[in-house]
Amino acid sequence: TFRNLSRTYRVRAMATASESALPDGVVAIKEGSTTILFPSSEEVFYNPVQEFNRDLSIHVIKTFSNKYMPDPTDVFGKRHARRTLIRTGLAETDGPAPPERIMNDPTSPDFQRESQGINVLEALAASGLRSIRYYKEIPAVRTILCNDLKAEALASIEQNVKHNGLDPTTHVIPNQGDANAVLHQASQSANTRFDVVDLDPYGTASPFLDAAVKGVSEGGLLCVTCTDMAVLAGSCPDACFAKYGSMALRGSFCHEMGLRMVLNSISTAANRYGRVIEPLLSCSIDFYCRLFVRVSRSPSKAKRGVATAGLVYSCSGCNDFVTLPFGSHITTDKGQKFRHGHPPANGKCQHCSRPYQIGGPVWLGPLHNKDFIQTLQANLKEDGHLYKTRPRMEGMLAVCHEELDLPFHYSVDGLSGVVHCNSVPHADFRSALGNAGYRVSGTHTNPQGLKTDAPGSFVWDVIRAWVKKYPVSARTLAAKSPGTAILSQDATHEVDFTFNKAAQDRSKTQGLVRYQENPTVNWGPKNKAKRKQQDDVEDSKKPKEA
């Protein structure tokens, strides 16, 4: 079974680990199935808070390899590079479709890891912990290229691979090189591309995206981490534009917007090379975001990527928002035609008449593949005992599966704050939306967030009905405030606050860990490795050349 095979590989790998005494000045850190040797001087970067990131990544790659990875000996399928694209809707529709590729099953006793497994690149490996855990805990992995630019990191990787009893020539292969150069070199041939590319940098991943979308194999998986969430969340819009080519907005949906800006960067990079992406799981976690996207070749669909890219108009007064795709393709009697998008009329909010702020470009398509998340949830029931962060994984997957495939969300506290009324209870707000026939869900990016397909006019009618039920003192609102403008308008919809059980999230009633509390005191992104910092200081002290 899925569980037994995972346990077999884990026990076998652990049994071969070296038990020799630790060298002087070195500390051992155990995570999952792996023990790494870590210099006490912190010359190599390690952050224990990101154990959830690594646990989730292992589970996603394991599930992905079981669901999508083909047999590399299937020459016909490899030539046409279709894999399971027919099933996911990403296949080309023009011309006869070749048959599905033969799929390997890593849970089968006949599975040959050395010949049928997948190859992985960890482009920015640091200590090598992630790569070693991948090899030990993912049965489908054939080999991993564990790369880092720094000589100190390479030495640490080599030491840890040896300490864990793995073969540095066939299992986890240490490599010192520039991540972009490694990926560009791999992209020269279909036979040298990586089935899984993992980017987990310190800060932004944007400098590596062009090379990554080229270096991942057809239908392969790209895993991306960005830890510069302050930039993505709108604290430095100019820096965000420089890094991602998008203008960030501050507000209740800033973390979701960060995800969508990164997805847009990946998508536009892929489109440049005739490739398209399918987000499988996109998570805003603690101080970083983690995205898992599938990359496939389809020049015709790359052109239609314009429909999933666009701008967001956010009101500077009431924080209402409007999304605008750059364009769309429509089918006519003469074939498909492209039509441009159009901005909101007058450039002002229809609710409070304040001007809009423009953000983006952003990805406007789905953040997740719900079928894939269901598979993740099913496998986690069998495999969850392997992960220390299982409770949080269950909660995160549940909320991601429940949230609607709609861009951005409202904040209940934010809506109430505009008119200075008591905050509407979530159950009442959800019930009002559900009783009117609209869909509603929470969002994993904000505990106070609500996603709905209701128009903004109905959302504000809910607030008006609540204020009518619980009046607001006139002294709390300025004469020309956005709240005054909204409350001065008559409601155009009937609002019913009767409790609607169907409008509530199941994950809340199941008692899952939906929104993690801070794991440690003063937690967050760590500083860079000390050796690098010392080198920077020494370089700054050197006399500059004339």
Side-chain angles (χ1 to χ4, degrees), residues 233-235 237-238 240-241 246-257 260-261 310-327 340-362 364 406-424 428-429 432-433 436 438 440 443 446 448-495 497:
S235 64
D238 49 352
C240 185
F241 188 82
S246 295
M247 184 64 67
L249 295 174
R250 300 191 70 174
S252 63
F253 54 72
C254 61
H255 290 94
E256 180 179 340
M257 187 168 186
R260 293 185 178 278
M261 286 189 292
L311 301 174
V312 55
Y313 290 77
S314 178
C315 177
S316 59
C318 66
N319 297 321
D320 196 78
F321 60 89
V322 178
T323 57
L324 173 68
F326 285 125
H340 289 85
H342 299 281
N346 302 324
K348 292 185 177 181
C349 176
Q350 61 176 320
H351 307 295
C352 69
S353 300
R354 293 297 194 278
Y356 281 116
Q357 294 176 327
I358 303 176
V362 296
L364 295 177
L406 299 170
F408 307 116
H409 59 265
Y410 294 96
S411 167
V412 178
D413 287 352
L415 293 171
S416 302
V418 172
V419 298
H420 296 277
C421 70
N422 294 330
S423 182
V424 185
D428 291 341
F429 211 116
L433 294 168
Y438 297 111
V440 59
T443 170
N446 186 344
Q448 294 294 324
L450 286 182
K451 289 197 170 192
T452 180
D453 56 358
S457 58
F458 184 83
V459 171
W460 285 115
D461 276 352
V462 173
I463 295 294
R464 294 186 185 100
W466 187 257
V467 171
K468 185 177 181 180
K469 191 175 181 180
Y470 301 98
V472 176
S473 173
R475 291 178 298 178
T476 62
L477 290 173
K480 296 183 179 181
S481 68
T484 300
I486 290 172
L487 294 180
S488 65
Q489 302 174 34
D490 294 330
T492 56
H493 304 86
E494 292 291 333
V495 177
F497 288 109

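Residue numbers run from 1 in the order of the sequence given.
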Ser246 side-chain N/O to Pro361 backbone N/O, donor-acceptor pair under 3.5 Å: yes

Short side-chain to backbone donor-acceptor contact, Ser488 and Ala485, under 3.5 Å: yes

Any donor-acceptor N/O pair, Thr484 side chain to Lys480 backbone, under 3.5 Å: no

Can you tell me how far the CG atom of Leu450 sits from the CG atom of Leu415, to the nearest 0.5 Å? 8.5 Å

Reported CD-to-CZ distance for the pair Gln489 and Arg464, which is rounded to 0.5 angstrom: 5.0 Å

Taking distance alone, no hydrogens or angles, what donor-acceptor pairs closer than 3.5 Å link side-chain atoms of residues 314-321 to residues at least two apart or in another chain?
{"unit_1": "Ser316", "atom_1": "OG", "unit_2": "Pro355", "atom_2": "O", "d": "2.8"}
{"unit_1": "Asp320", "atom_1": "OD1", "unit_2": "Tyr410", "atom_2": "OH", "d": "3.2"}

Trp466 ring center near Phe429 ring center (under 6.0 Å): no

Looking only at heavy atoms, what is the nearest atom pair of Ala248 and Pro237, with distance? O-CB, 4.1 Å

Per-pair distances, 0.1 Å, donor-acceptor, side chain in residues 471-478, under 3.5 Å, sequence neighbours excluded:
{"unit_1": "Ser473", "atom_1": "OG", "unit_2": "Arg475", "atom_2": "N", "d": "3.3"}
{"unit_1": "Thr476", "atom_1": "OG1", "unit_2": "Ser473", "atom_2": "O", "d": "2.7"}

Rounded to the nearest 0.5 angstrom, the NE2-CZ distance for His340 and Phe326 is 10.5 Å

Under the side-chain contact (heavy atoms from CB on, under 4.5 Å) rule, collect the residues that match up with Thr443, sequence neighbours excluded. Glu256, Glu403, His409, Thr445, Asn446, Lys451

Run the side chain to side chain contact (heavy atoms under 4.5 Å, CB included) check on Ile486 and Ile463 step by step: do they pass? CA-CA 9 Å; Ile486 290 172; Ile463 295 294; 5.7 Å; no

Supply the atom-to-atom distance Leu364 CG to Leu324 CG, rounded to the nearest 0.5 angstrom. 8.5 Å

Say you draw a straight line from CD of Gln448 to CG of Asp413; how long is it, rounded to the nearest 0.5 Å? 4.0 Å

With sequence neighbours excluded, tell me which residues meet salt bridge (Lys or Arg N to Asp or Glu O under 4.0 Å) with Arg354. none

Considering only heavy atoms from C-beta outward, does the side chain of Pro455 approach that of Tyr438 to under 4.5 Å? yes

Check: Cys421 and Tyr470 side chains under 4.5 Å, non-hydrogen atoms: no

Could you tell me the separation between the CE atom of Met261 and the SG atom of Cys254, rounded to the nearest 0.5 Å? 9.0 Å

Does Asp453 have any salt bridge (Lys or Arg N to Asp or Glu O under 4.0 Å) partners at least two apart in sequence or in another chain, and if so, which? Arg439

Can you tell me how the ring of Phe458 sits relative to the ring of His493, calling it parallel under 30°, perpendicular over 60° and tilted otherwise? perpendicular

To check you understand the geometry: which heavy-atom pair defines the closest contact between Met247 and Ile358, and what is its length? CG-O, 3.9 Å

If every non-hydrogen atom of Val495 is compared with every non-hydrogen atom of Ala465, which pair is closest and at what distance? CB-CB, 3.8 Å

Partner residues of Thr492 under the side chain to side chain donor-acceptor pair (under 3.5 Å) criterion, sequence neighbours left out: Asp461

